[in-house]
Asks: 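Below you'll find the structure I mean.
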Amino acid sequence: MLEKALTGSNKYWGWIAVLLAFMAAGALSYVQQYNYGLGMTGMSRDVSWGIYIAQFTFLVGVAASGVMVVLPYYLHNYKIFGKITILGEFLAVAAVSMCLLFIMADLGQPTRALNVLLHPTPGSILFWDMIVLNVYLFLNIFVGWVVLTAEKKEVAPPKWIKPFIYISIPWAVSIHTVTAFLYAGLPGRHFWLTAILAPRFLASAFAAGPALLILLCLIIKRVTKFDAGQEAIQKLVTIVTYAALINVFFILLEFFTSYYSNIPGHMHTLDYLFFGLHGHSQLVPWMRVSAIFGIVAIVMFLIPAARKREDTLAIACVLLFVSFWIDKGIGLVIGGFVPSPLEEITAYYPSFQEIMITLGIWATGFFILTVLFKIALSVKEEKMIS
Amino acid sequence: MDIKRRQFLKIAGLSTIAGLGAPAAFNLLLKGGPDTVSYASSGGEAEASHEAAPTGVRLGMVIDQRVFDANKGLAQKCTTACHTVHNVPNFGNKKDEIKWIFEVPFEKAFTGKSQYHKNKNLEDSSFLVLCNHCDNPPCVRACPTKATFKRKDGIVAMDYHRCIGCRFCMAACPYGMRSFNWRDPRPFIDQKTHNKEFPTRMRGVVEKCNFCVDRLARGQQPACVEACGNTGAMTFGDLNDSHSEIVKLLDNNFTIQRKPSLGTNPSVFYIV
Ligand code: SF4
Ligand code: SF4
Ligand code: SF4
């Protein structure tokens, strides 16, 4: 089936060329970083994780969100999603691949990465995260491929694939839960030390992921003959809306606990993120944009006229995706390091190379996504013609 | 100096036999009642502490701030001694900074301790902070490769050759005591004072105070303690040996630890 990725319109090849250019630029920057060390980035002793780990955290959510189309279809026999489950699975594949690349980009000694397996340490959450992510990657590639092959041959998927599908559903929840545990179990990092971090992660993931999927469906509708269908998209909108509302609710809960308890350690990071702390307000504009985008998007989802029109729906999805990307991809990870354990405030600005590497990895993700979607859609288009 | 020296030889010896597991009852007899130590060993145990006899050797340190306040410049001497002995590079900028032991004001060392009228003594006092060699170390729990591990004598040590540079331990240490080699440290080590007996590090790994584990093995005191001479500013020893000087200090003085509420059970104590 891979050959399907090798034939396409000029537009397809143009898009591939753009992605390859970004990947090459990212690779060049990575060579620089590899030779110099992580000092090439904006990270420091106090803010020791930056946008790499932030992207990783966000993308685990996107990966997990594939379950939002898989679950209704396979567990509730919700036929409408039958057409797009494969897209959800392949989106997960692309997202997990990016996660793994971001982890590699963030390692000080990437050539030793296998030490995690050579010296397994079950007490470390990072060890488990590696395992659940890799298994999830495998499950999605495997299930997606087997189901697609069956579809191509116009036969029902083999029965033995069912257990893998059923396992992949709780597994999706596990990857984001374990990722939340990376943060939520650290003493002395008050912003992360909250029991609702995992639920928060899942809620924002189940909003941002399907929002991206809606956008992808709308784009696919323009560039191919494949149409996910109004009903499927509107169902996704419902999922996005609920998840987004739950996420906002969770964030408000954090605000309540912090400010009503009035415990300084619990307020500091929120202060820093949303209002500025001791005159340091580097991230305040970002967080405010995130809040405004999030609210506007949710309002648009709630207005029937806005969510039914494709153009306004697309805008709402973009706003929501950006909002949650800022919230999790910038605020949560980078904000969590401020103030430092010695209550110092250190600003973090990603360097040029760091941004190029980040863009390069996103481009790689989109490359994987494009190729996989191309294959899946070619199979579907063939069927439509015949 | 003599007494100290003898004690050190004893510690070094004890460190090696601790692994053989001295009978717990014997150790219980030696111990002075329900202190933080017994609490620590019954609490959640970190990865490497499983095999440790709960009442075996636990090395620790007492920092007498009164002495440091009376001897301005002494703390700086300790820092220099440590950083020289361990080939800690000096990058001259905050972003790349690596430090094992350094001075901070009271409110940074002891966050969350409010004072309405600040004690005059604390005003221009600065406290030495270093790795606490926590009895229940979050950094060890976090490390995915056991590159950071807890020894049977309580020292939280590191294997620079195994560290993958994920910096999970830096996020996990609630004291900000770990540094990362953001770039090649070797050109930033002063060649005039380069200590050939201690390894230099490569870029991309984490490092921190190691309680001078290699000096102890040679029967020497930690470099910072040695730099204090016989001022008594820093005392190092076995917190589980009721005859040790450090236990006497703990028995006779009111001491505090950094962030004790987190349950990490720091092995560094301060007399303020
Ligand atoms: S002070 Fe930090 S680095 Fe040292 S043992 Fe405790 S947690 Fe680990
Ligand atoms: S940076 Fe090194 S020591 Fe720290 S957690 Fe990662 S592997 Fe362990
Ligand atoms: S005990 Fe040794 S390594 Fe630790 S601060 Fe003192 S001199 Fe440095």
Side-chain angles (χ1 to χ4, degrees), chain A residues 34-50 53 103-104 106-130 182-183 185-190 192-193 263-265 268 333 336-337 339-344 346 348, chain B residues 46-48 91 93-99 102 104-105 107-109 111-112 114 129 136 138 140-147 149 159-185 202-206 258-259 261-264:
Chain A
Y34 185 85
N35 288 329
Y36 180 90
L38 280 168
M40 198 103 242
T41 69
M43 292 184 271
S44 61
R45 199 174 181 281
D46 283 347
V47 184
S48 48
W49 280 339
I53 293 297
I103 295 237
M104 286 306 284
D106 189 66
L107 289 186
Q109 286 286 340
T111 52
R112 296 183 189 165
L114 279 182
N115 279 2
V116 176
L117 299 175
L118 296 177
H119 310 283
T121 314
S124 171
I125 301 294
L126 203 57
F127 167 74
W128 291 109
D129 213 25
M130 279 287 249
L182 287 177
Y183 301 95
L186 303 179
R189 303 272 180 191
H190 298 295
W192 295 336
L193 193 75
I263 299 173
H268 280 155
V333 176
F337 285 104
S340 77
L342 293 152
E343 299 208 335
E344 287 170 354
T346 307
Y348 157 82
Chain B
E47 171 59 23
F91 294 97
N93 71 62
K94 195 159 182 298
K95 193 175 154 301
D96 293 325
E97 191 175 44
I98 293 180
K99 45 192 181 183
F102 52 98
V104 291
E107 58 278 7
K108 287 191 184 179
T111 54
S114 80
V129 289
N136 189 7
V140 171
R141 223 176 320 163
C143 181
T145 62
K146 302 191 186 88
F149 56 98
D159 179 347
Y160 307 122
H161 297 282
R162 187 181 285 191
C163 173
I164 59 173
C166 64
R167 311 189 296 296
F168 198 11
C169 53
M170 293 178 79
C173 171
Y175 303 98
M177 287 302 112
R178 301 183 145 256
S179 306
F180 182 69
N181 286 279
W182 295 103
R183 50 194 291 202
D184 185 6
M202 66 290 278
R203 66 159 175 258
V205 300
V206 167
R258 296 179 63 201
K259 305 191 188 185
S261 63
L262 299 179
T264 56

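Side chains are part of it too, since the values below use all heavy atoms of this structure and drop only hydrogens, waters and symmetry mates. Below, chain A is the first sequence line, B the second, and so on; all start at residue 1.
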Asks: Identify which of B:Lys94, B:Lys108, B:Arg167 forms the greatest number of heavy-atom pairs closer than 4.5 Å to chain A.
Replies: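 Greatest number of close heavy-atom pairs with chain A: B:Arg167.
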
Asks: Taking side chain as everything from C-beta outward and backbone as N, CA, C, O, which of these in A:Phe337 sits under 4.5 Å from a heavy atom of chain B? Side chain, backbone, both or neither.
Replies: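 Contact with chain B: side chain only.
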
Asks: In Å, rounded to the nearest 0.5 Å, how long is the span from CG of A:Asp106 to CD1 of B:Ile164?
Replies: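 So the gap between those two atoms works out to 9.5 Å.
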
Asks: For A:Trp192, does the CH2 atom have more than 12 heavy-atom neighbours from other residues, nucleotides or ligands under 6.0 Å away?
Replies: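 Yes, enclosed.
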
Asks: Less than 6.0 Å separating the ring centroids of A:Trp49 and B:Phe168?
Replies: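 When the ring centroids of A:Trp49 and B:Phe168 are compared, they turn out to be within the sub-6.0 Å range.
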
Asks: For chain A, which candidate among B:Met170, B:Lys259, B:Arg162, B:Arg183 shows the most heavy-atom pairs at distances under 4.5 Å?
Replies: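 Most heavy-atom pairs under 4.5 Å with chain A: B:Arg162.
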
Asks: Could you grab the distance from atom CD of B:Glu107 to atom CD of A:Glu343, nearest 0.5 Å is fine?
Replies: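 It is 9.0 Å, given to the nearest 0.5 Å.
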
Asks: Check A:Ser124 against B:Ala142 and note the closest heavy-atom contact, atom names and distance.
Replies: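 Minimum heavy-atom contact is OG-O, 2.5 Å.
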
Asks: Heavy-atom distances under 4.5 Å only: say whether A:Thr346 touches chain B with side chain, backbone, both or neither.
Replies: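 Contact with chain B involves the side chain of A:Thr346 alone.
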
Asks: Among the options B:Gly165, B:Gly112, B:Pro144, B:Ala172, pick out the one with the most heavy-atom pairs lying under 4.5 Å from chain A.
Replies: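 Most heavy-atom pairs within the cutoff with chain A belong to B:Pro144.
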
Asks: Name the option with the most non-hydrogen atom pairs under 4.5 Å to chain B; the candidates are A:Val116, A:Asp129, A:Ile103, A:Leu118.
Replies: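 Ranked by contacts with chain B, first place is A:Val116.
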
Asks: If we define contacts as heavy-atom pairs under 4.5 Å, which of A:Arg189, A:Met130, A:Met43, A:Met40 has the most with chain B?
Replies: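 Option with the top pair count is A:Met43.
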
Asks: Counting heavy-atom pairs under 4.5 Å to chain B, which of A:Gly336, A:Ser340, A:Gly42 comes out on top?
Replies: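 The answer is A:Gly42.
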
Asks: Restricting to non-hydrogen atoms, name the atom on B:Trp182 and the atom on A:Ser48 that form the minimum distance, rounded to 0.1 Å.
Replies: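 Where B:Trp182 meets A:Ser48 most closely, the heavy atoms are CH2-O, 3.9 Å.
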
Asks: To the nearest 0.5 Å, how far apart are CG in B:Asp159 and CG in A:Asn115?
Replies: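 Spacing of CG (B:Asp159) from CG (A:Asn115) equals 9.0 Å.
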
Asks: So which residue, B:Met202, B:Arg258, B:Lys99, ends up with the most heavy-atom pairs under 4.5 Å with chain A?
Replies: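 Result: the option with the highest number of such pairs is B:Lys99.
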
Asks: Which answer fits A:Pro120, side chain, backbone, both or neither, if we ask what part of it has an atom under 4.5 Å from a heavy atom of chain B?
Replies: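 Backbone only.
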
Asks: Please classify the contact of B:Cys143 with chain A as side chain, backbone, both or neither, using a heavy-atom distance under 4.5 Å.
Replies: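 Interface part for B:Cys143: backbone (N, CA, C, O).
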
Asks: So, B:Arg141 side chain and A:Gly123 main chain: donor-acceptor pair closer than 3.5 Å or not?
Replies: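 Not confirmed, B:Arg141 side chain does not pair with A:Gly123 backbone.
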
Asks: Counting only non-hydrogen atoms closer than 4.5 Å, does B:Tyr160 touch chain A with its backbone (N, CA, C, O), its side chain (CB onward), both, or neither?
Replies: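 For B:Tyr160, backbone heavy atoms alone lie under 4.5 Å from chain A.
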
Asks: Against A:Pro187, only a single residue in B:Cys173, B:Pro138, B:Ser261 fulfils side chain to side chain contact (heavy atoms under 4.5 Å, CB included); can you say which?
Replies: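 Going through the options one by one, the only one that passes is B:Pro138.
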
Asks: Distance check, rounded to the nearest 0.5 Å: A:Gln109 atom CD versus B:Thr145 atom OG1?
Replies: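 It is 11.5 Å, given to the nearest 0.5 Å.
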
Asks: Do you know which two heavy atoms are closest between B:Gly176 and A:Leu342, and how far apart they sit?
Replies: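 Scanning both residues completely, I find the closest heavy atoms to be O-CD1, 4.4 Å.
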
Asks: Measure the spacing between OH of A:Tyr348 and NZ of B:Lys95 and express it to the nearest 0.5 Å.
Replies: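 Reported to 0.5 Å precision, the distance equals 9.5 Å.
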
Asks: State, to 0.1 Å, how close B:Met177 and A:Arg45 come at their nearest heavy-atom pair, and which atoms those are.
Replies: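 Closest approach of B:Met177 to A:Arg45: C-NH2, 3.6 Å.
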
Asks: Sort A:Leu38 into side chain, backbone, both or neither according to what part of it lies under 4.5 angstrom from a heavy atom of chain B.
Replies: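 Contact with chain B: backbone and side chain both.
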
